[in-house]
Amino acid sequence: MFDVQRTAVKQSQQLFKQGLATQRTVDMMALTGLKGQESLQRQQLELAQAATHGYVNTTAALFPSDEPSDAHRTIDETFAQLKSTHAEFYDAIEQELERDVDSATEFSSEFVEALDEQTEQLLEMSHSIEDQTVENVSELSGQLHEQLEQTQQLQDELEDQLERQTGDVADLLERQAEQVEQFQQQLEEQAEEVTQQLRSQQPEAQTKIDTDAEHTLESIEGIDAETREQLSDAGIATIDDLVRADAESVSEAAEVSTSDAEEWIQQAEA
């Protein structure tokens, strides 16, 4: 971009020189066209001044500083000098062209020399701004790279911390699972102890019931030893069990009719 801008300035300079050369030829051919050529050259100066201001504004947008205002002031002063020289140049041509064309050519050379000098200053300023812009872009790039490295380092640290926390949670869950398993095992052992205690106490209760004549089924008429064993297998071992049972259950357990089962229940209730 800087190269394109400098090329545009140089092309404007060349066009200006070509215009001056053409003007000198026209002056030598006819003095009547002098005023028109002076106006044209004046417009070219205005356009060159506006283009130079635009170039400086574009450059300043890339790297803001106090230099652009100084550059604008320098440009205005330079072009004011050029315009003054230009006006003097055409006044001198108008007054002296008929008597001394060589003096007009010398004055034109001075104008071209001043134009070359000011153009060179603009190009040097362009190089200076370009170098400073590139330097700042490089510095910014380094800062961005450093920030990226810091961000990557922070991300790695967060991943390590998350991995450690995940391992701690896994260990905690494993310990809790072991505790639950131990607690379940204790419950099973306690349940087994209770079951064994109940089993050890059951024969004594059964013996007590069997030896208690008031509660056994021996007092029920029609129930022999085989039938008592069948009823006992069905959970009907005492008078109270028979009272709580229904006729169908008793009939099915003892393999007797329902009427017989009902009669046994009535005897138990009596």
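Below, each value reflects all heavy atoms present in this structure, side chains not excepted, and no hydrogens, waters or symmetry copies.
Looking at Thr78, Thr74, Thr52 one by one, the single match for side chain to side chain donor-acceptor pair (under 3.5 Å) with Gln118 turns out to be Thr78.
Residues that satisfy the ring-ring contact (aromatic ring centres under 6.0 Å, His included) test with His53, not counting sequence neighbours, are His72. Residues meeting the side-chain hydrogen bond (donor to acceptor under 3.5 Å, both in side chains) test with Lys83, sequence neighbours left out: Glu46, Gln49.
For the pair Thr227 and Asp224, the minimum side-chain heavy-atom distance is below 4.5 Å. Looking at Glu229 and Glu226, their side chains never come closer than 4.5 Å, going by heavy atoms from C-beta outward. Annotation: side chain of Gln153 is not in contact with side chain of Glu149 (no heavy-atom distance under 4.5 Å). Taking 4.5 Å as the limit, every side-chain heavy atom of Gln121 sits out of range of all side-chain heavy atoms of Met125.
In this structure, the side chain of Thr7 engages the main chain of Asp3 through a donor-acceptor pair within 3.5 Å. Without hydrogens or angle criteria, Thr58 side chain to Gly54 main chain gives a donor-acceptor distance under 3.5 Å. In this structure, Thr151 contributes its side chain and Gln147 its backbone to a donor-acceptor pair below 3.5 Å.
Crowding of Glu113 atom CD: a count of heavy atoms from other residues, nucleotides or ligands under 6.0 Å not exceeding 12. Residue Glu181 places its CD atom among 12 or fewer non-hydrogen atoms of other residues, nucleotides or ligands, all under 6.0 Å distant. Other residues, nucleotides and ligands contribute over 12 non-hydrogen atoms within 6.0 Å of the CD atom of Gln14. A 6.0 Å sphere centred on CD of Glu269 holds more than 12 heavy atoms belonging to other residues, nucleotides or ligands. The 12-atom threshold is exceeded at CD of Glu189, counting heavy atoms of other residues, nucleotides or ligands nearer than 6.0 Å.
In this model, a donor atom of one side chain and an acceptor atom of the other lie less than 3.5 Å apart for Asp241 and Thr238. Checked by atom type, the side-chain pair Asn136/Gln132 shows no donor-acceptor distance below 3.5 Å.
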Could you please spell out the steps behind the side chain to side chain contact (heavy atoms under 4.5 Å, CB included) verdict for Ser84 and Glu88? CA-CA 6 Å; Ser84 177; Glu88 294 175 1; 3.5 Å; yes
Leu242 and Gln267: CA distance, side-chain angles, deciding distance, side chain to side chain contact (heavy atoms under 4.5 Å, CB included) verdict: CA-CA 10 Å; Leu242 184 59; Gln267 292 182 40; over 6 Å; no
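In this structure, Leu144 belongs to a hydrophobic cluster whose other members, linked by side-chain heavy atoms under 4.5 Å apart, are Leu140. Hydrophobic clustering, defined by side-chain heavy atoms of Ile, Leu, Val, Met, Phe, Trp and Tyr closer than 4.5 Å, leaves Leu172 isolated from every other such residue. Cluster partners of Leu158, by chain and number: Leu154. The rule joins Ile, Leu, Val, Met, Phe, Trp and Tyr whenever side-chain heavy atoms lie under 4.5 Å apart.
Here the CD atom belonging to Glu192 is positioned 12.5 Å from the CD atom belonging to Gln185, to the nearest 0.5 angstrom. Gln179 contributes atom CD, which lies 6.5 Å from atom CD of Gln176 (distance to the nearest 0.5 angstrom). Note that the NZ atom of Lys10 and the CG atom of Leu15 stand 14.5 Å from one another [nearest 0.5 Å]. Rounding to the nearest 0.5 Å gives a distance of 5.5 Å between CG of Leu122 and CD1 of Ile75. The line from CZ of Arg164 to CD of Gln161 is 6.0 Å long, rounded to the nearest 0.5 Å. Rounded to the nearest 0.5 angstrom, Leu187 CG and Gln184 CD are separated by 7.5 Å.
Both Leu115 and Leu45 sit in one connected hydrophobic cluster of ILVMFWY residues. Membership requires side-chain heavy atoms under 4.5 Å apart, directly or through other members. Linking Ile, Leu, Val, Met, Phe, Trp and Tyr residues whenever their side-chain heavy atoms come within less than 4.5 Å leaves Val9 and Phe79 in two separate clusters.
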If you look only at distance, which donor and acceptor atoms sit under 3.5 Å apart when one is on a side chain in residues 246-266 and the other is two or more places apart or in another chain?
unit_1	atom_1	unit_2	atom_2	d
Asp246	OD1	Glu248	N	3.2
Asp246	OD1	Ser249	N	2.9
Asp246	OD1	Ser249	OG	3.1
Asp246	OD2	Ser249	OG	2.9
Ser251	OG	Val256	O	2.3
Ser257	OG	Ser259	OG	3.1
Ser257	OG	Asp260	N	3.3
Ser257	OG	Asp260	OD2	3.1
Trp264	NE1	Glu221	O	3.4

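Taking all atoms of both residues into account, the shortest heavy-atom contact from Leu82 to Ala114 is CD2-CB, 4.2 Å.
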